[in-house]
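Have a look at the structure below, then the notes.
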Number of protein chains: 2
Amino acid sequence: MSSVSTPAYANGGQSLADRLFESLRGEIVEGNIAAGSKISEPELAKRFQTSRGSLREALMRLESLGLLERRVNVGARVVELDGRGLLELYEVREALEGMACRLAAENMNQAEIDGLRAVMEEHEQQSELQAGTAYFQPEGDFDFHFRIVQGSGNQLLIDTLCNRLYYRVRMYRYQLGMASPRAKRAFREHMHIIDAIEARDGELAEILMRRHIRASRNNIQAKIG
Amino acid sequence: MSSVSTPAYANGGQSLADRLFESLRGEIVEGNIAAGSKISEPELAKRFQTSRGSLREALMRLESLGLLERRVNVGARVVELDGRGLLELYEVREALEGMACRLAAENMNQAEIDGLRAVMEEHEQQSELQAGTAYFQPEGDFDFHFRIVQGSGNQLLIDTLCNRLYYRVRMYRYQLGMASPRAKRAFREHMHIIDAIEARDGELAEILMRRHIRASRNNIQAKIG
DNA sequence: AAGAAAAACATTGTCGACAATGTCGCCCGG
DNA sequence: CCGGGCGACATTGTCGACAATGTTTTTCTT
């Protein structure tokens, strides 16, 4: 179907720099490219069989994501992961997701709320399969928070959390292994949050979400901070 | 002093793309480049006497700032300013600045608090010079909020607000002329916030800041939304 | 004449080369 | 032996040209 002259970057409506960006983002989040390590443009360009120009575009977008730090005429480094940064991240999450939860209680339709409950049922089954004290599935937890943010209807809020902060959260989880041992408690907190949303009680929903995130933060602080 | 071979981009420790970025950011914020208008890379490159490569770097950073929207193989457009976006912006500000205010109450030192009061005295004098119902100085208002955010000590929060959201706020103010007629009320609200910070009452400081921003939002919604 | 196909144009994405800066190692003087 | 200056190397910033896509205009057919 495709002619022999099909260019390498004519894929799926996204540019080559887009795909480089996504690949590198994944490698950084999962720690495949070590935190704090220096980025060599020529080396990466060779690894991905591309030119430096497109690679640099990807690097700049990673910088604006907060995953890289670039200094003029020096180069780019993957950000360091320190406890302070993680705690700061949770403070911002508390503020933003609290607001998102309030808005979700006002704006979510019934289908979206049902979807939330379905996610929780899935959690419950998986939790029963695993040991009672098993770590809380980061995947499912993310799904829960993700859906609430989407339900806020505030595009700026959605973009800030889902396209910016969450990658950093995942990076910390992967590399510092922040598996929360608060499985059962977190599950109950999630359920209460859904109840508040379904009751259209935005004020309560916000309070519960903030306490939920703050509890995680305190948990982290006790361990690492 | 400078030799004839001094390169154009060897200024002040920042790259040419950095300066292009700042220049364009200013022109977009102030409406010199109209909202919603299409960006022509060759045209701008000619205007700034630079190559397209450096210009594209600046454009990408503007995109990550939320001031431009780019589509692959089509080009970049300045974002449109609609009431919905402005209201969303204020919802995010309410959440983030509320948190910033809480943290500021916990972390600001006395010198910073004194600086806040000095800003307010300046406001008062300028307000007296102008008519009693005069619009609230965007400059001074920004200074007040700016300082509180700085005082939070949370680097992620500072970056998100000062290096990301505030440019959009300024863009709206310039172009939609959002001069708040709440001068005296806002001034009193600011003073109460400072009092709460000085009393190290983070909870109250957050509540007051949120109400302050929400009042502005309601004011805007009544007018435009 | 109206609509569609096609070609010409303009714009964007990508690439390799050059210029300038930072970095590392070596040599020299103290 | 140690510290500072100097030079070679590597890396980054910048530029102009080419390839591919989107857009507009022209032209041909019905």
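Residue numbers start from 1 in every chain, and the chains themselves are labelled A, B, ... in the order their sequence lines are given, proteins ahead of strands.
Note: CG (Asp18(B)) to C1' (dG13(D)) measures 11 Å, nearest angstrom. Atom-to-atom, CG of Leu68(A) to C1' of dT12(D) comes out at 15 Å; the value is rounded to the nearest Å. What separates CG of Leu16(B) from P of dT14(D) is a distance of 5 Å, to the nearest Å. dG22(D) atom P lies 16 Å from atom CZ of Arg77(B), rounded to whole Å. Between the P atom of dT21(C) and the CZ atom of Arg70(A) lies a distance of 17 Å, rounded to the nearest Å. Between Lys46(A) atom NZ and dG16(C) atom C1' the separation is 15 Å, expressed in whole Å. To the nearest angstrom, P of dT14(D) lies 16 Å from CD of Gln49(B). Summarising the geometry, the separation between CD on Gln14(A) and P on dG13(C) is reported as 13 Å, rounded to the nearest angstrom.
The number of heavy atoms from other shown groups lying within 6.0 Å of CD (Gln110(A)) is above 12. Crowding of Lys46(B) atom NZ: a count of heavy atoms from other residues, nucleotides or ligands under 6.0 Å not exceeding 12. Sparse packing is recorded around CZ of Arg84(B), with 12 or fewer heavy atoms of other residues, nucleotides or ligands lying under 6.0 Å away.
Judged by distance alone, with hydrogens and angles left aside, the side-chain atoms of Asn107(B) form a donor-acceptor pair with the main-chain N or O of Ser152(B) at under 3.5 Å. For the pair Glu88(B) (side chain) and Gly83(B) (backbone), a donor-acceptor distance under 3.5 Å is absent.
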Atom pairs under 3.5 Å: protein N/O with N/O of nucleotides 22-25 of chain C:
{"residue": "dG22(C)", "atom": "O4'", "partner": "Asn73(A)", "partner atom": "O", "Å": "3.4"}

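In this structure, Tyr90(B) OH and Leu165(B) CG are separated by 12.0 Å, a value rounded to the nearest 0.5 Å.
Looking at residues 50-61 of chain A, you'll see Arg52(A), Arg56(A) sit with a heavy atom under 4.0 Å from some atom of DNA chain D.
No engagement by Leu20(B) is indicated, since no non-hydrogen atom pair under 4.0 Å with the nucleic acid exists.
Taking 4.0 Å as the cut-off between side-chain N and carboxylate O, Glu91(A) and Arg217(A) count as a salt-bridged pair. Classification of Arg56(B) and Glu57(A) as a salt-bridged pair holds, one side-chain N sitting under 4.0 Å from a carboxylate O.
For Ser15(A), the listed nucleotide lying nearest its side chain is dG13(C); candidates were dC15(C), dG13(C), dT12(D).
Taking the six-membered ring where tryptophan is involved, the planes of His190(A) and Phe144(A) are essentially parallel, since the angle between them stays under 30° and well short of 60°.
When the side-chain nitrogen and oxygen atoms of Lys38(B) are compared with OP1 and OP2 of dT12(C), one or more of them lie within a distance under 4.0 Å.
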